[in-house]
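Step one of this worksheet: look at the structure below.
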Amino acid sequence: MESKNSTTGYYNALVWLLMTDYEKDKGYTPSKYLIDTIKPKIIQGTDLPLEIVDSTLFDFTIAKGLNDFFDLFFDKTKPFENALIILSFSKEKYIVRDFYLANLAKSYTCWDVAYINCPCPNKVTTKVFDYIIGPDELPNKLTKIIKHEN
């Protein structure tokens with residue numbers, strides 16, 4: 001995919017890479033809860049389209065699963081020149097996973113990445129996230145970022 005310019009400026013969409021928990025016996029945690037609780041906070045205060053790339057649609061225990069996830073990501077982002085990529089914190093043990101996902105997404109798009117709902121920003125030691133937003137900062141901080149008021 002060609003590089004897309006992000007100048008931490010104008011966003012014409014929000015793309016939520018929704019990754020959920022995985023437990024051996026239970027499989028993937030349903031994303032419906034996250035969509036029902038966090039999505040209203042994301043869309044509050046913005047009229048940008050929100051594209052959700054939901055990991056629960058894929059079985060990542062099969063090797064090609066991540067490729068399928070990124071194919072869907074690329075398909076959904078083609079119409080946009082500059083979107084804000086959103087990843088949501090689920091558990092502390094997945095911060096590294098989220099870092100790698102953000103790094104991949106950013107390397108293919110050059111767009112900004114916001115890590116939302118993160119209650120422990122001091123444990124995020126990477127600079128790949130352009131913004132780290134705590135649970136109590138939603139939706140206000142996200143709205144300020146989108147409107148470039150930060």
Side-chain angles (χ1 to χ4, degrees), residues 1-22 28-60 64-91 94-150:
M1 179 175 223
E2 71 279 356
S3 173
K4 297 183 180 186
N5 296 324
S6 173
T7 58
T8 10
Y10 169 77
Y11 302 116
N12 59 357
L14 304 173
V15 178
W16 185 8
L17 296 179
L18 178 56
M19 296 293 286
T20 58
D21 299 334
Y22 179 79
Y28 289 96
T29 304
S31 57
K32 183 175 178 359
Y33 172 76
L34 293 173
I35 291 171
D36 289 347
T37 57
I38 297 175
K39 182 180 175 183
K41 293 178 182 180
I42 293 174
I43 61 174
Q44 184 180 354
T46 184
D47 58 353
L48 295 176
L50 173 64
E51 294 291 331
I52 301 173
V53 183
D54 187 349
S55 67
T56 60
L57 302 176
F58 305 100
D59 181 359
F60 289 115
K64 69 177 190 161
L66 191 58
N67 288 335
D68 292 342
F69 182 71
F70 267 98
D71 286 345
L72 181 61
F73 169 71
F74 295 139
D75 288 345
K76 286 191 174 229
T77 60
K78 278 182 187 175
F80 309 116
E81 291 179 25
N82 189 20
L84 177 63
I85 299 170
I86 297 172
L87 280 110
S88 50
F89 174 91
S90 58
K91 287 185 179 176
Y94 293 124
I95 291 174
V96 173
R97 175 203 66 186
D98 296 341
F99 155 75
Y100 283 113
L101 184 62
N103 204 22
L104 280 170
K106 195 170 197 166
S107 68
Y108 280 98
T109 64
C110 297
W111 293 343
D112 298 330
V113 177
Y115 196 41
I116 65 169
N117 216 34
C118 182
C120 51
N122 56 329
K123 301 217 175 176
V124 179
T125 58
T126 178
K127 302 255 188 261
V128 76
F129 301 113
D130 297 290
Y131 309 101
I132 299 174
I133 302 170
D136 56 333
E137 297 175 307
L138 280 173
N140 298 333
K141 188 172 180 180
L142 183 60
T143 301
K144 287 180 179 182
I145 290 166
I146 293 167
K147 292 182 177 183
H148 310 293
E149 296 174 354
N150 56 340

Grab the two heavy atoms, one from C118 and one from F89, that are nearest each other, plus how far apart they are.
-> CA-CB, 3.7 Å
When every non-hydrogen atom of S90 is compared with those of R97, the smallest separation belongs to OG-NH2, 3.6 Å
Closest contact, heavy atoms only, I133 versus K141 | CG1-CD, 4.0 Å
When rounded to the nearest 0.5 angstrom, what distance separates CG in L18 from CG in L34?
-> 5.5 Å
Can you tell if the side chain of V124 reaches within under 4.5 Å of the side chain of T126, non-hydrogen atoms only?
-> yes
What's the spacing between I116 CD1 and I86 CD1 if we round to 0.5 Å?
-> 5.5 Å
How long is the span from the CG atom in L14 to the CG atom in L50, to the nearest 0.5 Å?
-> 6.0 Å
Kindly compute the distance separating CD1 (I43) from CD1 (I38), expressed to the nearest 0.5 Å.
-> 12.5 Å
K106 side chain vs V113 backbone, donor-acceptor pair below 3.5 Å = no
If we only count heavy atoms from C-beta on, is the F99 to T125 side-chain gap below 4.5 Å?
-> no
Distance, nearest 0.5 Å, that separates CD of E51 from CG of L17 | 11.5 Å
Shortest non-hydrogen contact from Y115 toward S88 | CE1-C, 4.1 Å
Where at least one partner belongs to residues 38-48, residue pairs that pass salt bridge (Lys or Arg N to Asp or Glu O under 4.0 Å), sequence neighbours excluded = none
Would you please name every residue forming a salt bridge (Lys or Arg N to Asp or Glu O under 4.0 Å) with K123, sequence neighbours left out?
-> E92
Side-chain touch L84/L142, heavy atoms, less than 4.5 angstrom = yes
Between the NZ atom in K147 and the OG1 atom in T46, the distance rounded to the nearest 0.5 Å is 7.5 Å
For W16 and I35 the tightest heavy-atom approach is CH2-CA, 4.1 Å
Closest non-hydrogen atoms of D130 and W111, given as atom of the first, atom of the second and distance, are OD2-O, 4.2 Å
